[in-house]
Amino acid sequence: MKLTELFSTGKPVLSFEVFPPKTTDKMESVKKATEEIAALHPAFMSVTYGAGGGTSAYTVAVAKNIQETHGVSSLAHLTCVSSTREQIDHQLRLLSENGIENIMALRGDIPEGATAPEEWSFRHASELIAYIKTKGDFCIGGACYPEGHPESANQREDIANLKKKVDAGCDFLTTQMFFDNNILYNFLYKIREAGIRVPVAAGIMPVTNGRQIARICRISGNSLPPRFKQIIDRFADRPGAMKQAGVAFATEQIIDLLANGVEHVHVYSMNKPDVAAKIMDNLSKIL
Amino acid sequence: MGRKGAGSRRLSESLLNKEIWLCLALLCCILWETALLVAAMRPEGDEVWKGEWALAIGVIADTVRTEIQGAPTDMKGSAYDDSFLSERNYGGERKHYGTDLMDLADTPGRLPIYSMTKGVVTNLGWNELGGWRVGVTSPSGVYYYYAHLHSYAPGLEIGDTVQPGRLLGYMGDSGYGEEGTTGRFPTHLHLGIQVYPEAGDESWINPYPFLMERESK
């Protein structure tokens, strides 16, 4: 099912994200974890892109398995940085042949030391989106950044770039993680004012590793509200407590989003069925 | 005793100092807020800075603040920012004389719109810019303008007396065209406050600080 159909039902949409294995020997454990999450029957599941080597094929394999085992629609990530047009064509064919209708079109992280050389066919996600549009009847998602893309000069420039993506044919957006809902509300105001009207799924990261998140935030430029910092300070050294507090914080964020009319929430559950299950359980009467 | 007396005096001096500082801080806040309001309401291009104008603005701000005492404080489901006097293009280049409250779900008809103030419904129906709009004139003559509605509250009519919190209609995306036009922009409420309607566009004031103040209650 195309995700645009899900987004137009007027009902809350809760989805999870998983990642493919890096090596073949890990495929079974990843399959098991993703199947357990699919068994929770989220609205859909996204599978990140295994860039480089043969791992991009794993994205398709995991996405296909999710759809076939539990009938959960899948969204396959596709990144274009350092890919040739032929490689993108190959991946699009694979997706189409395996019944994957939804693509999350991303630029991807530029490899360290690279400066977008001439041979790259796509330099921006907007170019990839426009290209995919010509290659089949896919439903295309794009990324957006409530706190601004780390490479953007300012939010105005960032939103102008986002508008280009949407104008290129992006059907919906998923946000980067954020920990203060007011940041998202402010962002939604600005993109709506800029005339961006496609559905937006709010990206929520249940933090289960306090030390890791501090590092991720330093890189991505995410800000951590004082209330959340206190949780990390208090529980980062106790994994069980951190997981419980992280899931509770994420649940609270989701409830506030739903109460404010943000009906689409994408949980960066990674390959953690227990975290996904706990969140689903916490929202069982709300969704 | 001496030690106790000295200590008591120090304590009372310290309390006195605190009171003075609190008063000074409060005075600074009031002056700063007034300066912001004056800056927001000052007609663009006006190089003459008259004391009478600043005084009038202060009185107007107090009037509006008093009138909206009963306005709902819950703005859940929407987001707003200060866009007063920003550029608008429909119908030619012009300024934005109000505050837009965006529906986070961008769904026409979802969020109720309540009157901010007591008053009489003096405008109701379609206009090209505002779509389905409601205009409420308060007892002091200030005009509160709610535009781009999806639908009206059942039974609402021109001449009705409304109280703060009275349902006026639902947020929508109507306007920018002939009667019935929708979908030209995201679902939002355009809120305008005009202190002296006869004076035209120059008398719209910025609703943003008042909304911020109400929401913080």
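Please read these numbers as outputs of a predicted model, since none were measured by experiment. Naming convention: chains lettered A, B, ... in sequence-line order (proteins, then strands); numbering from 1 in each chain.
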Checklist entry - Are Asp100(B) and Tyr189(A) close enough that some pair of their side-chain heavy atoms sits under 4.5 Å apart? => result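 A side-chain contact under 4.5 Å exists here.
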
Taking the side chain as every heavy atom from C-beta outward, state whether Met102(B) and Leu188(A) have any atom pair closer than 4.5 Å.
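Heavy-atom side-chain distance check fails, nothing below 4.5 Å.
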
- Message: With a 4.5 angstrom heavy-atom cut-off, is it the side chain or the backbone of Asp256(A) that approaches chain B, or both, or neither?
- Response: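 Asp256(A) touches chain B through side-chain heavy atoms alone.
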
query: Would Asp173(B) and Arg192(A) satisfy salt bridge (charged side-chain N to carboxylate O under 4.0 Å, His left out), going step by step from the backbone distance to the final call?
result: CA-CA 12 Å; Asp173(B) 59 352; Arg192(A) 299 299 187 213; over 6 Å; no

* Looking only at heavy atoms, which two atoms of Gly261(A) and Ala105(B) are closest? And how far apart? ->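 So the two residues come closest at O-CB, 3.0 Å.
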
Quick one: closest heavy-atom pair of Asn260(A) and Arg110(B), and the distance?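 Shortest heavy-atom contact: O-NH2, 3.6 Å.
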
Is the count of non-hydrogen atoms from other residues, nucleotides or ligands lying under 6.0 Å from [X] atom [atom1] greater than 12?
| X | atom1 | result |
| --- | --- | --- |
| Lys11(A) | NZ | no |
| Tyr196(B) | OH | no |
| Lys278(A) | NZ | no |
| Gln69(B) | CD | yes |
| Glu198(B) | CD | yes |
| Arg156(A) | CZ | no |
| Lys164(A) | NZ | no |

Chain A contact via Thr107(B) - side chain, backbone, both or neither, heavy atoms under 4.5 Å:
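Neither part; nothing is under 4.5 Å.
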
query: If you measure from CD1 on Ile196(A) to CG on Asp106(B), what distance do you get to the nearest 0.5 Å?
result: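 Nearest 0.5 Å value for the CD1-CG distance: 11.5 Å.
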
Quiz item: Can you tell me how far the OH atom of Tyr185(A) sits from the CE atom of Met75(B), to the nearest 0.5 Å?
Solution: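 If I round to the nearest 0.5 Å, the distance is 15.0 Å.
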
Q: Just give me the residue among Pro186(B), Ser78(B), Ser83(B) that pairs up with chain A most often, heavy atom to heavy atom, under 4.5 Å.
A: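 Of Pro186(B), Ser78(B), Ser83(B), Pro186(B) has the most heavy-atom pairs under 4.5 Å with chain A.
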
Item to complete: Could you give me the CA-CA distance, side-chain angles and deciding distance for Leu104(B) and Glu263(A), then say whether side-chain contact (heavy atoms from CB on, under 4.5 Å) is met?
Response: CA-CA 9 Å; Leu104(B) 293 173; Glu263(A) 301 276 25; over 6 Å; no

